[in-house]
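Throughout, protein chains are lettered first and strands after them, A, B, ... in sequence-line order, and every chain is numbered starting at 1. The analysis underlying the following values was restricted to heavy atoms, covering all of them including side chains, and did not include hydrogens, waters or symmetry mates. Being a predicted model, the structure only gives us computed values, none of them experimental.
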Amino acid sequence: MTADSPILELKGINKSFGAVHVLHDVDLTVMPGQVTALVGDNGAGKSTLIKGIAGIYSFDSGDYFFEGKRAQVHDPKDANALGIEVVYQDLALCDNLDVVHNMFLGREETKAGTLDEIDMEKRATDTLKGLSVRTLKSVRQQVSSLSGGQRQTVAIARAVLWNSKMVILDEPTAALGVAQTEQVLNLVRRLADNGLGVILISHNMNDVMQVADSVACLYLGQMAAQVQISEVDHSSIVELITMGRSGDIGIQLDDALTGDVA
Amino acid sequence: MSNHQTTDVDIPEAGDRGGIGMAVGDYFSRVKGGDVGSLPAVLGLVVLFLLFTALKPDTFFSFFNFANLLNQSAAIIVLAMGLVFVLLLGEIDLSAGFTAGTAAAVLAVALSNWGLAWPLALLVGLLTGTVIGLFIGSLVARLGIPSFVVTLAMFLALQGVMLLIIGEGGTIRLRSDVLLAIMNQNMPLWAGWLMWALVIGGYLLVSWRAIAGRRKAGLRSTATSVWIAKVLSLAVLLGVLVFVLNQQRQIVRPGKESCPSVGEAPVGCIPVIEGVPWAVLVVLVLVVGLTFVLGRTPFGRHVYAVGGNAEASRRAGINVKMIKIYCFMIGSTLAAVAGVLLASRDNSVSPTTGGAQTLLFAVGAAVIGGTSLFGGKGKVMDAVVGGLVIAVIANGLPLITQQSGIQFVVTGFVLLVAAGVDAISRKRASAT
């Protein structure tokens, strides 16, 4: 694997729910070591696309390449097996368990049928250290005692614990204050710096501009554009989200018209 | 491990926690943070015990009554242990009392009508509980009927089943010396001390292995001084219990005398009663076994997870429905065990076995002990502590007042206080 070849490549993805055609010929490329921001207005199809990648829905048509190989993902377990982890907006943590228990939830390490707490605690600590997490007092703290940012940190750390290759983050900063947003964005950046592919869904353009390497914009179920962050600015992303185009990038109505004529 | 790296990672350094002072400090800060655990129940137990001792020093505070109290509480404790599993999920089992009664009825019928040997009959009785649990659990988990409704229906239906098995107004004698011995006989004195030695030795070994393992791995672990204090207090507590129960406790009326331990017994002498009741052993084995299941196995962890956040557990790949069904099966099987204890205590099974306040006392015991009605919080030990509180009230109050109205009011009040403590501590925990 070279760093130049995409970790995830989607080509011509279509998905309908009954009569509603949610995704039209969507292409998406995610590079390892980069943060790919996925933006779009409500109803643009972000969630459908993510759930398709994660295996919660299967796409109707289109090509799904992971690490250059065609992959069949019809079940969340398929996605996990490939090394794809999703951190959902509501985090899905158990408040009554501690950090280690949550990180290993459903995939506990056992020794002779009993929980191997020592091994789990070591691996959890190592993972948090690898992400330079400095906000947790103890990995044996109950999650109910953690702040929003700390919870997000635990959820992200859980996603990278499993030697995952790509992490999808669904609005990780939506409910956070300024300082905690900063912490989480730093963490997102470090995930990419550690070589993972990262998809970041966000409504916050400041976050996108700060942390993303490229931005993919969905507009009414079509991929308006996927461009390097250096090629766009704040206002052009907003135009892409609201109108599907900005200057000469995005969906060009003229092209479509001439295409039809020809 | 590179503990002295200059990264400002604030994950605590490896090494032992401070001594006893720090452990005590940690505990108080946990309590302040809303994690009170069994503390109110333990305090309540001590206060009640002192209160009744002060009021009725000769009747309440006697060797005889002490053993009697443990026997009274055994069935409630075991029933409450089963309810802990159900309550941990945030569910409820209102039918547990009559599950106990039904299992006891089946056991009694298997012994007397079918003529089965006691181990076989016991198995049939316990399986009755398991099957009832499977039925309830399936309705709750697969069909999604609220457990309150399912078990309310079973509460009614099982009363009917008991009547059908036993017959209107009848009773069935429990025809098994072994099963009757559980509540009516005591262990030999040496066996009580052997039990003490095994428990302390086992705890010593297991806890030290855990500490040593953590130290070897470079993780924070309990300080040696704290560990020694824990072992010693357990040894003393259990030692006092065995010592007291090993004293002769037969009540010798004036003009009578106790039978001598050796030689010819004079006519009309009062037989010696001494030793740890077998019921204590039953409860002890269940506490150790079930604590292990809840605390050390993936299944136990999943029970807590489902109780804490069922959706998160489902997404983590835990089979939430199966966990629910298993918990109801465990709960009802333990209810069947409680039924055996009830039958053994009464020497027989009647349509009221497991009825009246049995279930409410058991739910009260679990909640008083610190198990949350909201799910996700609770331990097997809670059932023991809470069950003892209930038993002390049920045992001590009649010595003071014959009015059963007062007894109900007091018990209800204690339950309210316990549920209030649970709710307040939850608020605190979510506020911090």
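- Atom CG of A/Asp95 sits about 13.0 Å away from atom NZ of B/Lys377, to the nearest 0.5 Å.
- With chain A as partner, the option from B/Lys216, B/Glu311, B/Arg214, B/Arg314 having the largest number of non-hydrogen pairs under 4.5 angstrom is B/Arg214.
- In terms of the side-chain contact (heavy atoms from CB on, under 4.5 Å) criterion, residue partners of A/Asp116 (sequence neighbours excluded) are, by chain and number, A/Glu109, A/Lys111, A/Ile118, A/Asp119.
- Within the 4.5 angstrom heavy-atom criterion, only side-chain atoms of B/Arg315, from C-beta onward, approach chain A.
- Taking A/Arg158, A/Glu121, A/Arg140 one by one and counting their heavy-atom pairs under 4.5 Å with chain B, the maximum is reached by A/Glu121.
- Across every non-hydrogen atom of A/Cys94 and B/Ala305, the tightest pair is SG-O, 3.4 Å.
- Residue B/Tyr326 places its OH atom among 12 or fewer non-hydrogen atoms of other residues, nucleotides or ligands, all under 6.0 Å distant.
- To the nearest 0.5 Å, the span separating CZ on B/Arg301 from CE on A/Met120 amounts to 5.5 Å.
- Heavy-atom minimum distance, B/Gly295 versus A/Leu115: O-CD1, 3.9 Å.
- The minimum heavy-atom distance between B/Pro298 and A/Thr110, with the atom names listed, is CG-CG2, 3.3 Å.
- Taken from NE2 in B/His302 to NE2 in A/His101, the straight-line distance is 11.0 Å, to the nearest 0.5 Å.
- Applying the side-chain contact (heavy atoms from CB on, under 4.5 Å) test to B/Phe292 and every residue at least two apart in sequence or in another chain returns A/Thr114, B/Arg296, B/Thr297.
- Residue B/Asn309 comes nearest to A/Leu93 through the heavy atom pair ND2-O, 2.9 Å, listed as atom of the first residue, atom of the second, then distance.
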